[in-house]
*Asks:* 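Have a look at the structure that comes next, please.
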Amino acid sequence: MAGTVRIVLFATAREAVGRGRLDEAIGPSGIELAALLERLGTEYPRLRRVVAVSRFVVNGAYTTSRDVHLKAGDEVAVHPPYSGG
Amino acid sequence: MAGTVRIVLFATAREAVGRGRLDEAIGPSGIELAALLERLGTEYPRLRRVVAVSRFVVNGAYTTSRDVHLKAGDEVAVHPPYSGG
Amino acid sequence: MPRIRLTHGRLEIAPAYAELDDPACGGVVLFAGRVRPDRQAGSRVVRLDYEADRKLALRSLEEIAASGRRRFGLGKALLWHRTGPVRVGEVSVIVGAAAPHRAQAFRGARWMIDRLKSQTPIWKTERAPPERRPPRRPGPRRGRSAG
Amino acid sequence: MPRIRLTHGRLEIAPAYAELDDPACGGVVLFAGRVRPDRQAGSRVVRLDYEADRKLALRSLEEIAASGRRRFGLGKALLWHRTGPVRVGEVSVIVGAAAPHRAQAFRGARWMIDRLKSQTPIWKTERAPPERRPPRRPGPRRGRSAG
């Protein structure tokens, strides 16, 4: 089923895109995280450098691989390096 | 000049003697700290064990040696092991 | 007050200490990180803005507290962090550890703040004073907190 | 309030933290030692009595603070200790360190409390509850503070 993947952007990722969330249309076969990031990097070149050092959270769980397959309705959070404290 | 040496006793040293200060008479030639402690240990046997592990302060300065010579008017503080905190 | 907090409100030391009350714990260590007015390039940070991935950050703080208690034998562990704007001099984070012995409390508190800084999804953005801020030019980072 | 205190009055965390204010110091570590109600031989400590060789103890605390500032690059160092009777749950000692970076603050505070315990002429005597205390028989030490 086609639809959208929601991307939630924090800190420098949000600044690179200019807003905190994006809904990206995907086809019925879904999309790999790596491919989605590639697409976003083309659209928002400043996001590339951030994505290179970020962690990703898919539907509330950290993902260790960018090969993870996303389907419509999934949510990906982009976590640039943390700087709390 | 003959006179007294004041001994100020803290914590377990005071408990061993039963009071916080003693004025010990000494002869005109004074007395070595070691000899004074020996004398006190005879008078107050419970003090011996405390003295064995104590530090001593003569006229406001720590002394590193028990050979220090005391004269009339001097003050010796007996510091058992510290337990602040 | 809970021992895990992510809050827009000010953080105060006394209520944090009160949360660490535990008859078995004679040693309490509190760490407070506060915003420094570092100068750089002739400017000054006047505030930091903290944001968090709230759900994951709370989960992370809970996990750090639980691990801290287990690893260091802490009776109580506390992790409080501000979100939103925090002014110079204000406290951005408090970490607390209560333990029977002081070595555990020191090591536990140290471990928890290190862990928080590296593992908890919280970010700070530094804001220079408006009057000196060049228009529409994002400057270099100008301030630090908590060391 | 001075940053070196030897006092019969209660020690509180908030004013200690306030003494450690320093714009250059983003990291503050506070250690509080409090009297634990340890059980032993079926009894309980209800209070500790602290005594000090006052003049030398104050000199020692000043020296520890000065060495702490120098060795660890602390902006501020604080050493407060109770004298006289201190009840279970009350704070007997507070040590504080403010530094530009948290590692210095942690190491400085730890070093100062260790130093205080080994080098400052202060003694505690433990008092068991009157109703359970065997008459005229000095018991074994029954309580601890601060770990």
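Order of the sequence lines sets the chain letters (A, B, ...), proteins ahead of strands, with each chain counted from 1. Computed over heavy atoms, backbone and side chain alike; hydrogens, waters and symmetry mates excluded.
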*Asks:* Looking at S83(B), is its backbone amide N or carbonyl O close enough to the side chain of Y50(D) to form a donor-acceptor pair, meaning the two atoms are under 3.5 Å apart?
*Replies:* no

*Asks:* Tell me, for A77(B) versus chain D, whether the close heavy atoms (under 4.5 Å) come from the side chain, the backbone, both or neither.
*Replies:* side chain

*Asks:* Heavy atoms under 4.5 Å from chain B: which residues of residues 55-87 of chain D carry them?
*Replies:* L56(D), R59(D), H81(D)

*Asks:* Against chain D, label P80(B) side chain, backbone, both or neither, depending on which of its atoms sit under 4.5 Å from a heavy atom there.
*Replies:* both

*Asks:* Work out which heavy atom in S92(D) is nearest to a heavy atom in G85(B); give both atom names and the distance.
*Replies:* OG-O, 3.1 Å

*Asks:* Name the orientation class of the two ring planes belonging to F10(B) and W123(D) (parallel below 30°, tilted from 30 to 60°, perpendicular beyond 60°).
*Replies:* parallel

*Asks:* Could you please state which residues from residues 49-60 of chain B sit under 4.5 angstrom from chain D, measuring non-hydrogen atom to non-hydrogen atom, sorted by number, or 'none'?
*Replies:* R55(B), V57(B), G60(B)

*Asks:* Look at atom CD of E38(B) and say whether more than 12 heavy atoms of other residues, nucleotides or ligands are closer to it than 6.0 Å.
*Replies:* no

